[in-house]
Amino acid sequence: MKTSAGFRFRHALANSNPLQIVGTANAYFALMAEHTGFKALYLSGAGVANASYGLPDLGMTSMNDVVTDASRITSATDLPLLVDIDTGWGGAFNIARTIKEFEKAGVAAVHMEDQVAQKRCGHRPNKAVVSTEEMVDRIKAAVDARTDENFVIMARTDAVAVEGLESGIERAQAYLEAGANMIFAEALTELDHYREFKAAVNAPILANMTEFGKTQLFNKEELAEAGADMVLYPLSTFRAANQAALNVMQALMNDGHQRNVVDTMQTRADLYEHLGYHDFENKLDELFSSDK
Ligand SMILES: C[C@](O)(C(=O)O)[C@H](CC(=O)O)C(=O)O
Ligand SMILES: [Mg+2]
């Protein structure tokens with residue numbers, strides 16, 4: 001029997017120290033991540049807004065927008081997928097629907113944050129958080145809606161940047177008591193802060209290594225040593241691919257041809273390798289070739 005996605009996420013976590021979770025903006029990136037050896041994948045809320053809709057990460061995408069992109073990835077790979085569900089998209093019943101839809105889509109884990117509905121990127125100024133009580137209610141609604149007990153509900157606290165480290169830790173404790181399984185400690189500025197979270201909460205901790213943000217780009221050994229169980233690279237591949245695409249666009253515009261940049265492109269052979277193209281082609285021949 002096939003194990004559930006949530007089980008596979010927990011299994012990957014139990015077998016890694018830390019578990020590196022790479023952001024994959026689309027199903028093809030997910031295949032490349034699998035072939036590179038990653039054991040867990042991430043669908044970024046910012047990534048869905050930016051890549052799929054050309055929008056900023058300001059709470060403008062809906063549950064359906066994100067579930068659509070998540071389903072494309074879970075259809076392409078069995079690697080467990082962690083998905084950013086922002087604030088859960090509403091009140092208790094909306095959050096319950098969100099959990100059911102993501103479970104049904106084959107997602108392994110979601111993270112839900114304690115920002116107000118009018119959310120911002122976790123690494124931008126002027127964030128606002130809801131009360132601990134309100135976030136506890138969000139978590140209770142999510143946990144109650146889950147049907148697979150292994151489906152992971154991760155509580156993200158944005159409070160450290162707003163109210164300080166102590167408050168972030170207290171909130172994390174309250175969120176775990178309400179039934180959250182893991183903690184996403186957002187926008188920490190010191191390695192020691194992970195240590196303090198880990199010492200105070202009895203649950204796996206995620207460190208967000210997003211680039212150009214508030215957190216230094218610590219390596220996985222430093223983070224593991226500081227108590228982080230998971231390390232997230234939400235937009236690294238997206239940012240790199242964007243710059244690569246822009247370089248090609250500029251070359252085409254400036255040079256009138258792509259010969260100077262063709263070496264920066266993934267070859268057709270490599271593309272086909274990741275897609276398993278030849279297996280599909282062989283299948284076609286096997287099924288329909290006339291000289292059988
Ligand atoms: C992790 C995150 O929530 C995301 O949507 O990918 C963002 C990442 C970013 O904007 O750099 C966040 O940290 O808020
Ligand atoms: Mg996000």
Side-chain angles (χ1 to χ4, degrees), residues 18-26 29-30 33 38 40-63 65-70 73 81-89 95 98 102 107-130 135 138 142 152-162 168 171-172 180 182-189 193-194 197 205-218 223 228-243:
L19 178 64
Q20 291 179 287
I21 309 174
V22 68
T24 49
N26 58 48
F29 276 29
F38 283 93
L41 308 175
Y42 181 65
L43 183 65
S44 152
V48 173
N50 304 165
S52 295
Y53 295 90
L55 288 171
D57 181 23
L58 290 167
M60 295 156 82
T61 43
S62 68
M63 173 185 77
D65 296 336
V66 180
V67 101
T68 300
D69 283 9
I73 293 173
L81 178 68
L82 166 66
V83 179
D84 179 354
I85 61 165
D86 289 343
T87 60
W89 295 291
I95 290 170
T98 298
F102 280 88
V107 165
V110 292
H111 70 73
M112 182 169 62
E113 70 209 30
D114 55 10
Q115 287 199 53
V116 295
Q118 190 66 69
K119 62 145 289 155
R120 297 178 188 224
C121 159
H123 293 255
R124 299 290 303 159
N126 302 321
K127 290 191 292 185
V129 289
V130 297
M135 180 60 179
R138 285 181 188 169
V152 175
I153 294 170
M154 188 184 293
R156 161 169 151 178
T157 183
D158 280 75
V160 175
V162 184
R171 280 171 173 267
M182 303 183 189
I183 294 294
F184 179 150
E186 176 65 316
L188 302 191
T189 51
H193 292 176
Y194 293 104
F197 259 91
I205 306 280
L206 179 141
N208 179 11
M209 290 299 108
T210 193
E211 300 83 6
F212 317 112
K214 283 186 186 301
T215 312
Q216 247 178 275
L217 303 180
F218 302 111
L223 288 163
D229 303 275
M230 293 161 279
V231 183
L232 179 65
Y233 314 96
L235 293 162
S236 312
T237 61
F238 175 63
R239 297 188 210 284
N242 293 347
Q243 189 57 51

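Whatever order the structure lists them in is the order used to number ligands and atoms, beginning at 1. Nothing here was measured: the structure is a model prediction, and the numbers come from that model.
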Query - Donor-acceptor under 3.5 Å (Asn50 side chain, Gly47 main chain) - result: no
Query raised in the report: Hey, does the side chain of Trp89 reach the backbone of Thr61 with a donor-acceptor pair shorter than 3.5 angstrom?
Result: yes
Query raised in the report: Is any N or O atom of His111, backbone or side chain, closer than 3.5 Å to an N or O atom of ligand 1?
Result: no
Query raised in the report: In the protein, what heavy atom is nearest to atom 7 (C) of ligand 1, and what distance, to one decimal place, separates them?
Result: Asp57 OD2, 4.3 Å
Query raised in the report: Within less than 4.0 angstrom of ligand 1, does Arg156 place any heavy atom?
Result: yes
Query raised in the report: Considering only heavy atoms of Arg239, which atoms of ligand 1 have at least one such atom less than 4.0 Å away?
Result: 11 (O)
Query raised in the report: Would you say the side-chain atoms of Thr87 and Arg156 include a donor-acceptor pair closer than 3.5 Å?
Result: no
Report summary line: So the atoms of ligand 1 within less than 4.0 Å of a heavy atom of Asp84 turn out to be 2 (C), 3 (O), 4 (C), 5 (O)
Requested in this report: Pull out every atom of ligand 1 sitting under 4.0 Å from any heavy atom of Gly122, numbered as shown with elements.
Outcome: 12 (C), 14 (O)
Query raised in the report: Do you know which two heavy atoms are closest between Val231 and Pro18, and how far apart they sit?
Result: CG2-CG, 3.6 Å
Report summary line: Per-atom filter on ligand 1: closer than 4.0 angstrom to a heavy atom of His123 are 13 (O)
**Report entry** Heteroatom of Asp84 nearest to the Mg ion (ligand 2) (N, O or S, atom name)
**Finding:** OD2
Requested in this report: Measure from atom 12 (C) of ligand 1 to every heavy atom in Arg120, Glu186, Gln115 and give the option owning the shortest one.
Outcome: Glu186
Query raised in the report: Applying a 4.0 Å heavy-atom criterion (strictly less than), which segment of Tyr42 is in contact with ligand 1: side chain, backbone, both, or neither?
Result: side chain
Query - Close-contact set for ligand 1 against Cys121 heavy atoms, below 4.0 Å - result: 9 (C), 10 (O), 14 (O)
Requested in this report: Of all the heavy-atom pairs spanning Met182 and Met230, show the shortest one and how long it is.
Outcome: SD-CE, 3.7 Å
Query - N, O or S of Asp86 under 2.8 Å from the Mg ion (ligand 2) - result: no
Report task. Can you spot which of Lys119, Arg138, Lys127 makes a side chain to side chain donor-acceptor pair (under 3.5 Å) with Glu113? Result -> Lys119
Report task. Indicate yes or no: does Arg120 engage Asp57 in a salt bridge with an N to O separation below 4.0 Å. Result -> no
**Report entry** Atoms of ligand 1, numbered as shown, that sit under 4.0 Å from any heavy atom of Asn208
**Finding:** 1 (C), 13 (O)
**Report entry** Donor-acceptor pair between Ser44 and Asp84 side chains, under 3.5 angstrom
**Finding:** no
**Report entry** Any side-chain donor near an acceptor of the partner, Ser236 and Glu211, under 3.5 Å
**Finding:** yes
Query raised in the report: Which residue and non-hydrogen atom of the protein lie closest to atom 6 (O) of ligand 1, and at what distance in Å?
Result: Ser44 OG, 2.6 Å
Query raised in the report: Within the structure, does Thr210 bring an N/O atom to less than 3.5 angstrom of an N/O atom in ligand 1?
Result: yes
Query - Within-cut-off N or O pair, Gly45 and ligand 1, under 3.5 Å - result: yes
Requested in this report: Considering the heavy atoms of Ala46, write down every atom of ligand 1 situated less than 4.0 Å from one of them.
Outcome: 4 (C), 5 (O)
Report task. Considering non-hydrogen atoms only, spot the tightest contact between Lys214 and His123 and give its length. Result -> N-ND1, 2.9 Å
Report summary line: Closest heavy-atom pair, Val107 versus Leu81, reported as atoms and distance to 0.1 Å, is CG1-O, 3.5 Å
